[in-house]
Amino acid sequence: MKKQLDLQEIRKEIDQVDSQLAQLMEERMGLSAQVAEYKMETGMPVFDAEREKAKLSAVRAMAKTPFGEIALEEMFKQMMTISRRYQYQKLGSFGKTAESRFHLVENLPTAGAKIVYQGVEGAYSHEAALKVFGENAEVYHVPSWDDAMKEVESGRAAYAVLPIENSSAGAVIDNYDLLLKYNHYIVAETEITVNHALLGLPGTKLSEIKTVVSHPQALMQCSEFLSSHRQWKQIQAVNTAGAAKAVKEGGDQSVAAIASPKAGEIYGLEVLEPSINHNKSNTTRFIVLSKEPVYRLEAKKVSICFEAPHVSGALYNMLGHFIYNHVNMLMIQSRPILERNWEYRFFVDFEGSLRDGPVQNALLGLENEAVRMRILGNY
């Protein structure tokens with residue numbers, strides 16, 4: 001008669017095996033530290049794809065069953081990943097860091113600095129620029145976001161202010177692409193709460209309105225209000241402040257704009273209905289870009305961009321560097337790589353400073369294992 005299995009006895013045996021595994025893992029990490037020292041002295045890279053491929057092939061050959069082959073391969077993949085991250089950590093303790101041009105400054109240099117934004121006076125980008133640099137800052141505007149980046153590239157402006165994310169609409173995709181097109185660096189950020197008002201010429205009554213003009217996103221953000229005025233024709237504009245300017249210049253009392261109250265003040269319009277966007281907490285995040293790779297002592301967020309190898313599990317392995325080093329990731333955004341179909345580039349924001357050891361360890365691992373990696377800013 002077959003002996004009945006005792007669950008508690010089986011668990012005791014598992015615990016004994018686990019104890020042996022834990023001891024062996026400690027020994028393996030000790031050997032990994034020696035490997036890190038050797039690689040540091042000889043300049044060898046931590047990640048050796050061919051060595052790992054050969055090792056996994058040898059491990060699969062040790063298995064006695066098909067399931068054992070899968071299980072052993074998965075276990076050794078994880079062990080080698082942990083070993084690599086441990087080696088990067090050891091290299092960091094030897095003073096090895098990720099490639100970086102950044103240098104620490106006490107404050108952003110603003111004396112005589114010109115700041116550029118996209119749009120016209122009264123735009124939310126204008127408001128963001130003044131919030132970061134002060135009401136007396138020398139700010140000016142250009143027609144497009146690309147133009148703003150060109151102004152910084154040419155040296156005509158020291159800083160450009162661009163929207164990068166909206167809490168309702170999500171990422172401003174075009175501006176993520178501009179981060180790669182130009183070698184500028186994020187040096188600051190700010191948030192502006194979206195507050196749309198219905199603006200008209202002074203003395204205009206709501207009953208006189210036949211047409212409303214604004215940016216497509218603003219029209220969408222005010223759709224609940226506009227749904228109660230279905231008879232109004234909606235016309236799209238390049239931006240909200242531009243819509244306000246057009247209403248003022250047009251002089252037609254039947255036309256209203258959706259823009260900020262600040263734009264109304266600038267262009268001499270009257271608030272016909274305040275705060276008409278239905279999401280009152282809607283916020284846009286703006287970034288400030290410079291040609292100079294600087295970061296301040298109080299910097300607490302890092303932005304990077306990387307391309308992962310186009311193989312199974314690559315992104316998982318990349319993100320593991322944050323977990324292993326206890327670095328808190330705040331955001332991840334993917335963008336297609338135009339020249340390579342169905343491959344993607346990843347933008348990541350995470351907490352920390354380039355002065356932090358764990359951040360440097362994570363960056364070192366990413367830099368060595370990514371196809372390409374670039375630090376976009378620490379701010």
Side-chain angles (χ1 to χ4, degrees), residues 114-145 147-148 160-163 166-169 172 190-286:
K114 293 182 178 180
I115 297 95
V116 64
Y117 64 93
Q118 180 272 336
V120 296
E121 286 185 84
Y124 287 108
S125 293
H126 181 207
E127 191 176 338
L130 295 180
K131 183 177 178 181
V132 174
F133 294 99
E135 292 291 330
N136 297 321
E138 189 174 352
V139 300
Y140 68 101
H141 54 85
V142 290
S144 72
W145 294 319
D147 290 334
V161 178
L162 271 68
N166 179 268
S167 60
S168 296
V172 183
T190 192
E191 295 180 357
I192 298 292
T193 300
V194 175
N195 178 24
H196 294 316
L198 185 70
L199 306 173
L201 294 171
T204 300
K205 296 178 181 178
L206 204 62
S207 59
E208 296 178 84
I209 301 301
K210 295 179 181 178
T211 303
V212 62
V213 184
S214 195
H215 185 274
Q217 198 172 88
L219 294 170
M220 178 191 70
Q221 291 164 349
C222 301
S223 59
E224 289 186 12
F225 170 79
L226 292 172
S227 67
S228 61
H229 300 279
R230 296 182 186 276
Q231 73 276 20
W232 291 353
K233 181 181 179 182
Q234 296 181 24
I235 296 178
Q236 296 183 357
V238 175
N239 55 61
T240 55
K245 184 179 181 183
V247 168
K248 176 64 175 178
E249 292 174 348
D252 185 348
Q253 285 196 301
S254 71
V255 181
I258 292 176
S260 70
K262 181 73 173 176
E265 288 178 24
I266 290 172
Y267 296 108
L269 299 180
E270 190 175 294
V271 175
L272 307 181
E273 284 288 340
S275 194
I276 61 173
N277 47 299
H278 42 266
N279 181 1
K280 304 306 181 186
S281 63
N282 189 12
T283 301
T284 298
R285 183 165 70 95
F286 292 83

Q: Write out all pairs satisfying salt bridge (charged side-chain N to carboxylate O under 4.0 Å, His left out) with one or both partners inside residues 264-286, taking only residues at least two apart or from two chains.
A: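 Qualifying pairs: E165-R285, E189-R285, R285-D349.
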Q: Can you list the residues that meet the side chain to side chain contact (heavy atoms under 4.5 Å, CB included) rule with P261, with sequence neighbours excluded?
A: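 Per chain and number, P261 pairs via side chain to side chain contact (heavy atoms under 4.5 Å, CB included) with N195, A197.
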Q: Just so I know, are the side chains of I192 and T283 near enough to count as touching, which here means a heavy-atom distance under 4.5 Å?
A: no
Q: Side-chain donor-acceptor pairs under 3.5 Å in residues 132-142, sequence neighbours left out?
A:
residue: Y140; atom: OH; partner: E151; partner atom: OE1; Å: 2.6
residue: H141; atom: ND1; partner: G119; partner atom: O; Å: 3.1

Q: Can you give me the closest heavy-atom contact between H126 and V120, atom names plus distance?
A: CB-O, 4.2 Å
Q: What pairs with N282 under side chain to side chain contact (heavy atoms under 4.5 Å, CB included), at least two apart in sequence or on another chain?
A: N166, S167, S168, V194, Q221, N279
Q: Using every non-hydrogen atom in the two residues, find where S227 and E224 come nearest and quote the distance to one decimal.
A: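 Between these two residues, the closest heavy atoms are OG-O, 2.6 Å.
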Q: Using the side chain to side chain contact (heavy atoms under 4.5 Å, CB included) criterion, which residues pair with A160? Sequence neighbours excluded.
A: V116, A148, V152, L162
Q: Atom OG in S125, atom CD1 in I115: separation rounded to 0.5 Å?
A: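 Nearest 0.5 Å value for the OG-CD1 distance: 13.5 Å.
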Q: Locate the shortest heavy-atom distance separating Q118 from P143; write the atom from each residue and the value.
A: NE2-O, 3.2 Å
Q: Kindly compute the distance separating OG (S228) from CD (Q231), expressed to the nearest 0.5 Å.
A: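 Spacing of OG (S228) from CD (Q231) equals 8.5 Å.
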Q: Could you go through residues 234-251 and list every donor-acceptor pair under 3.5 Å that involves a side-chain atom there, pairing it with any protein atom two or more places apart or in another chain?
A:
residue: N239; atom: OD1; partner: A241; partner atom: N; Å: 3.4
residue: N239; atom: OD1; partner: G242; partner atom: N; Å: 2.5

Q: Which pair of heavy atoms, one from A128 and one from V161, lies closest together, and at what distance?
A: CB-CG1, 3.9 Å
Q: If I take atom CE from residue M220 and atom CG from residue L226, how far apart are they, to the nearest 0.5 angstrom?
A: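 So the gap between those two atoms works out to 12.0 Å.
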Q: For L272 versus A256, what's the shortest heavy-atom pair and its separation?
A: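 Distance-wise, the nearest heavy atoms are CD1-CB, 4.5 Å.
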Q: Testing the basics here: between L199 and A263, what is the closest heavy-atom pair and its distance to 0.1 Å?
A: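 Scanning both residues completely, I find the closest heavy atoms to be CD1-C, 4.5 Å.
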Q: Which residue pairs pass the ring pair (Phe, Tyr, Trp, His ring centres under 6.0 Å) test when at least one of the two sits in residues 196-218, sequence neighbours left out?
A: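 Listed once each, the pairs are Y124-H196.
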Q: Excluding sequence neighbours, so at least two apart, what forms side chain to side chain donor-acceptor pair (under 3.5 Å) with E127?
A: none
Q: I'd like to check the side chain to side chain donor-acceptor pair (under 3.5 Å) partners of S144; sequence neighbours left out, ordered by chain and number.
A: D147
Q: Could you pull out all residues at least two apart from H229 that satisfy ring pair (Phe, Tyr, Trp, His ring centres under 6.0 Å)?
A: F225, W232
Q: Please list every donor-acceptor pair under 3.5 Å in which a side-chain atom of residues 203-212 meets a protein atom from a residue at least two apart or in another chain.
A:
residue: T204; atom: OG1; partner: L201; partner atom: O; Å: 2.7
residue: T204; atom: OG1; partner: Q253; partner atom: NE2; Å: 3.3
residue: E208; atom: OE2; partner: K205; partner atom: N; Å: 2.7

